[in-house]
Structure formats: C-alpha cells, structure tokens
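Inspection log for the structure reproduced underneath, given as structure tokens.
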Amino acid sequence: MHDPRVLLDPATDAVRRLARRGYHLDLAQLEKLLGGRNAAIQRGDEARAESKRIASAVKNASPEERPALVERARELKSTVAAAEEEHKTLEAELQDFLLGVPNLPADELPDGSSDDDAELVRTWGEPAQLDFAPLDHVDLGEKLGILDLPRATKLSGPRFAVLRGQGAALERAIGRFFLDLHTRRHGYTEFSVPTLVTRATMTGTGQLPKFEQDLFRTEVADRELFLIPTAEVPLTNLHARETLPLTELPLAYTAQTPCFRSEAGSYGRDTRGLIRLHEFSKVELVRIVDAERSREELEILLGHAEAVLQELGLAYRVVKLAAGDIGFSAEFTYDIEVWLPSQGRYREISSVSDFGTFQARRAGIRTRAKDGSRGFAATLNGSGLPVGRTLVAILEQGQQADGSVRIPEALVPYTGFDVLHPEQ
RNA sequence: GGAAGCGUGGCAGAGCGGCCGAAUGCACUCGCCUUGAAAGCGAGAGACCCGCAAGGGUUCGGGGGUUCGAAUCCCUCCGCUUCCGCCA
C-alpha cells in the first residue's frame, strides 16, 4: 500500500510509473477521497475539542450557566457523530482505493509485460550436451518408480503429485539441504509457521483483497482461513503491527512449508508433471530490512537463491523481469530460471523480489531509528527454492543414456544414494 | 464443550466518573562521571491521526451503551490463564 501523499506528489511520477504495468491511477479520485477524509477529521476534531473544553468547564460552572453549557455539549455530540460517520465512510473508500493500487515498478526494469521482455542478467553453468534424446521428468520419474501422478489424481484430482520411495526421500533431502544451507551459511533463522492464516495476514503481504481467486479458502463454523500460497505470507507477517529498532535489522527468515495455489486462469498450462501443482513444498527466504538498503539487500538475497543451484551444479540464468510482469506488491523482481533439457529452455524456478515499503505499510511493520525517528521497513523475499521444480531439474539435468539419474554430490549426504536406477 | 478469573504504555505494575495519557520500577535515549565499561548522578522520552506551523484529536483488548464528562459504570465480542471433559 502506498502513502497517498506520495502518490499525489508530482515528483513521484506515479501515473507514468503505474502505467508501465498497465494500471491507470485515478489521481483526481484519490485527491477527492483524501481531501474529503481529512476535512471530516478536522471537523470532528474541532467539535470534539470544544466538547472537551465544555465538559471541564461544567463542573466549575455556576448553577445558572450550567444548563446552557450542557445544552451546547449535547448539540456538539451530533456534530461529532456526523463528522465521524463521514470520516469512517471516506476512510473505507480511501482504503479500498489504496489497497487496489499496485506497487511502483522500479525505473531500472525493462519495458514490457511478458517474460519475453525480461532482460538477461547472467547465465551460470553450461546446459549439458546430451548425445541422446532427453526424457522429461515425468517419464523419468515413472521409469524410476518415484513418481505416481495417476494415483495423485485419484486422491485429489489434477495438479497434485505422489512421490514414492527414493522420490519421497529425495524430496525430504532437498528440503533439508536448502534449509541447512540457508541457516548455516547464509545466516537465516528457520521457522515453522502456520499454513492456514487469516484474511488480515493475507492482506498484509498483498494477496488480498485483489487475488482471492488464486487462494484456497477454508471455512469452518464461522471461521475463515486461507491456505498460504507461499511461506512469504506467514514469515513477513510475523512482524505485522510491530515496531522494529533499525539496529536489529536486517532480519533473515526461512521456512519450508507446503504452498497452495488455485492456479485459476492457468488452465492447460504446464498440465504435465510437477511444474505447476495445487500443492507443493517450498523453502522461502524473507528479509526485513532498512528501507534505505533494500536494493542492496535484494542482491544479497538473489545470491542466496543462486547459491542453491550452484551447489547443486544445475545450469541456470538470471533475468530482470519487465515492469509489467512483476507481481502486484513488487517494485523489482529477478527471476532465476533453470535449464530443462526436455523443453530445451530455461524455466522459472525462483522469483526474488524487493517490495520496498509496500508490504510493510499494509502489514504495519515499522522501524525506529536510534534518534527516535520512525518509518517503515522494506521487505524482500525469494524462493530458495521450490522442492518440486528443483527435483524436476535434478532429474532432467542429471539423466544419463541408460535412464539412470545422477544425484548432485551436495545432496548425497542427505539422500544416502548417488544414483537413481530405472525399475526393470 | 462446561466452570471461574484476567485483559492498562516495550515489560512489570498502580489507578476515587472530572485534577489520568495515566503513579512507580525495569528497559530505552541523551548528558555527567570513567582510560573504557559497569555502577552512580542528571535530563528526556508512548503510539497513531489531522495540520506548513502553532496547535488539535484519538488511544487503557475490540465494538456498543449510560453521562455534560468513562481506564474507571453497563452490555457484547475477542484473546489469555486455571480447573473439568474430549482429543493428536
């Protein structure tokens, strides 16, 4: 959420910047809502101030003047009530308006609105030259006996997966490897957090109110809870409505959680395999930092996500997303894309974003400097990494002519095996 | 699910319907002292909103009510604690 005054400030250039992501900002409407709200607050405050003066005058008033004072105080009550009513209405309208305004894309991002418009930052590792036709992860997984999609569909419908035997063990190993790397080498604190959260929590990070159709929603009795689409939601909101001393930042948090996504609107896309599921496991990285330093922190975070792929020896590239392609709450996003031999191209495996103070304003994550001055923190997050898509990359990049798959060396201590062999 | 109790500032903890935004202690900030630190001494400081400012308003779990006036009285919701039941 934005500070309305910042949006209205011509120096912000908000209309042009939001237009880059296809959002039309109605400045006139915003001005009207803000002005009306402030005027109502003023009126209420003035009337209330007079009430207070009268109230304290009453007890020292002579019996003759008392009735007039009490009468005047009674009148003021309705003035206050009316002003408050108007304030409440306009406040709600203003909030609705502001909650729907996306974050301002950073000027450094390329123009455009699709992943084709992304700008290549760097590539790492060489896509292996295979002297055989590569299988995709579904065929590999089935031949190896570690993946059972038909039975997943039997249990839950499309877009779910069952991993079996060494496949399940591999998933567990990958998650542990990620967490160990981030906690031991990158300094993250590991959390175990709820995967069902309230509407307010979802609003804090920007999933609500706009993207309810993307979420799984539960309702038991009169209680409504949402399944998290990413651990970003609980991790970032851990400090909602808190004031953090600047000296305690940056905070670096990580958690492995299941992630639930409705994938509404992606019918027919990536219907095969583990790429796009309603439920998948992911290790998420969240940083809560001094807003002054957010862009530097983004580079640090990106490095942490990249380190995972480097440790695994998986070829990937980093791209800077186009201004029109970044998420609602983001102002700057890098995507990390991993090489998939079966598709002959790079596919997104991690998204690393700087949200500036956008989420912090929604969630109320404040900072206090040593001199007492106050502000909002910046929040960042990145996948570090999703387990399923990593498994896909490991299978596909590690496949050999005989149908076996080499397990990355770094993972072997976690798996206890270094090769997966096809079942006969 | 049943019974009882409790919700005050970062924490602990006072608080007669007006003199309470709220005592006190700890923590905090800034000085002094010290080679440095601790201790000690002194000073300061809650948060949020409107306002260029002066200033004003809100805030004692949330909401509603009584009253000219409520942290203080009433209703209601929420949360927490303890006991019982059930349960992983």
Side-chain angles (χ1 to χ4, degrees), chain A residues 1-12 30-99 192-201 203-204 218-225 234 237-249 251 258 288 290-291 357 360-377:
Chain A
M1 189 158 62
H2 297 287
D3 178 343
R5 270 164 302 221
V6 171
L7 283 183
L8 288 169
D9 183 349
T12 306
L30 177 58
E31 202 153 9
K32 192 180 122 205
L33 287 172
L34 183 66
R37 178 194 80 133
N38 290 352
I41 289 174
Q42 287 265 27
R43 256 185 293 129
D45 283 359
E46 279 160 21
R48 222 183 276 103
E50 192 183 343
S51 305
K52 286 177 79 168
R53 278 196 301 275
I54 292 174
S56 56
V58 163
K59 81 177 155 135
N60 299 320
S62 64
E64 301 84 65
E65 46 193 25
R66 184 176 291 245
L69 286 172
V70 170
E71 181 51 34
R72 174 67 183 146
R74 285 211 170 99
E75 284 169 30
L76 282 168
K77 276 174 105 168
S78 64
T79 308
V80 169
E84 271 179 352
E85 193 54 42
E86 189 180 348
H87 171 210
K88 228 172 107 185
T89 306
L90 289 172
E91 184 73 53
E93 283 179 40
L94 180 64
Q95 286 302 310
D96 282 352
F97 182 98
L98 289 172
L99 284 172
S192 170
V193 288
T195 46
L196 282 166
V197 301
T198 62
R199 183 170 281 273
T201 299
T203 305
T218 70
E219 205 170 337
V220 176
D222 59 348
R223 228 172 142 195
E224 174 193 63
L225 291 168
N237 280 290
L238 281 172
H239 293 291
R241 283 155 271 128
E242 291 183 14
T243 299
L244 306 167
L246 231 32
T247 50
E248 286 176 16
L249 302 184
L251 298 173
I288 299 177
D290 182 345
T357 58
R361 284 180 185 282
R362 290 179 162 242
I365 306 171
R366 297 168 178 278
T367 57
R368 185 179 53 244
K370 247 200 148 143
D371 67 5
S373 63
R374 307 175 65 80
F376 288 96

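When reading the values below, keep in mind they use all heavy atoms of this one structure, side chains included, and skip hydrogens, waters and symmetry mates. Each chain gets a letter, A, B and so on, in the order the sequences are listed, and its residues count up from 1.
Distance OG1/Thr357(A) to NE2/His2(A): 8.5 Å, rounded to 0.5 Å. The CD atom of Glu31(A) sits 10.5 Å away from atom CG of Leu33(A), with the distance rounded to the nearest 0.5 Å. In this structure, CD on Glu84(A) lies 10.5 Å from CD1 on Ile41(A), to the nearest 0.5 angstrom.
At the heavy-atom level, Ala55(A) lies under 4.0 Å from base atoms of the strands shown. Heavy atoms of Arg66(A) sit nowhere under 4.0 angstrom from any nucleic acid atom.
Taking a pair to require two hydrogen-bonding distances under 3.5 Å in either a Watson-Crick or a G-U wobble arrangement, C33(B) remains unpaired. Look at G44(B): its Watson-Crick or wobble partner, with both distances under 3.5 angstrom, is C28(B). In this entry G1(B) has C84(B) as its Watson-Crick or G-U wobble partner, both defining distances falling under 3.5 Å. In this structure, C16(B) makes no Watson-Crick or G-U wobble pair, since no nucleotide meets both defining distances under 3.5 angstrom.
For Arg66(A), there are no salt bridge (Lys or Arg N to Asp or Glu O under 4.0 Å) partners two or more places apart in sequence or in a different chain. In this view, Glu71(A) satisfies the side chain to side chain donor-acceptor pair (under 3.5 Å) rule with no residue, not counting sequence neighbours. The side chain to side chain donor-acceptor pair (under 3.5 Å) search around Gln95(A) returns Glu91(A), not counting sequence neighbours. Residues passing the side chain to side chain contact (heavy atoms under 4.5 Å, CB included) test with Leu34(A), sequence neighbours excluded: Pro4(A), Arg5(A), Leu8(A), Arg37(A), Asn38(A), Leu94(A). For the ring pair (Phe, Tyr, Trp, His ring centres under 6.0 Å) test, no residue two or more places apart in sequence or in another chain qualifies with His87(A). Partners of Arg368(A) by side chain to side chain donor-acceptor pair (under 3.5 Å), not counting sequence neighbours: none found. Residues satisfying the side chain to side chain donor-acceptor pair (under 3.5 Å) criterion with Glu75(A), sequence neighbours excluded, are Arg72(A).
Rounded to an integer number of Å, the gap from CD1 of Ile54(A) to P of G69(B) is 11 Å. In this entry the distance linking CZ of Arg368(A) with P of A47(B) reads 8 Å, nearest Å.
Spacing of C1' atoms, G62(B) relative to G79(B), comes out at 10 Å, to the nearest Å. Between the P atoms of G55(B) and A37(B), the separation comes to 37 Å (whole Å). To the nearest whole angstrom, the two P atoms, one in G46(B) and one in G21(B), are 14 Å apart. Across the C1' atoms, G9(B) and C20(B) are found 13 Å apart, a figure rounded to whole Å. To the nearest whole angstrom, the two P atoms, one in A39(B) and one in A27(B), are 7 Å apart. G15(B) sits 11 Å from U24(B) when the C1' atoms are compared, rounded to a whole Å. Using atom P as the reference point in both A71(B) and G64(B), the two lie 14 Å apart (nearest Å). Spacing between C6(B) and C75(B) at atom P, rounded to whole Å, works out to 14 Å.
Between Arg72(A) and the phosphate of G69(B), there is no side-chain N or O to OP1/OP2 separation shorter than 4.0 Å.
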Inset, instruction - Using a 4.0 Å heavy-atom cut-off, write out nucleotides 55-67 of chain B from 5' to 3' as B (base contacted by protein), S (sugar-phosphate only) or - (no contact). - result: -BSS--------B
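Residues of residues 241-248 of chain A that place a heavy atom closer than 4.0 Å to RNA chain B do not occur.
Along RNA chain B, the nucleotide nearest Ala73(A) and the nucleotide nearest Arg5(A) are compared for position; the residue whose nucleotide lies closer to the 5' end is Arg5(A).
For Arg374(A), whose side chain is taken as the heavy atoms from C-beta onward, the closest listed nucleotide among A47(B), C68(B), C50(B) is A47(B). Each of C68(B), C49(B), C50(B) was ranked by its minimum atom distance to the side chain of Asn38(A); first place goes to C50(B).
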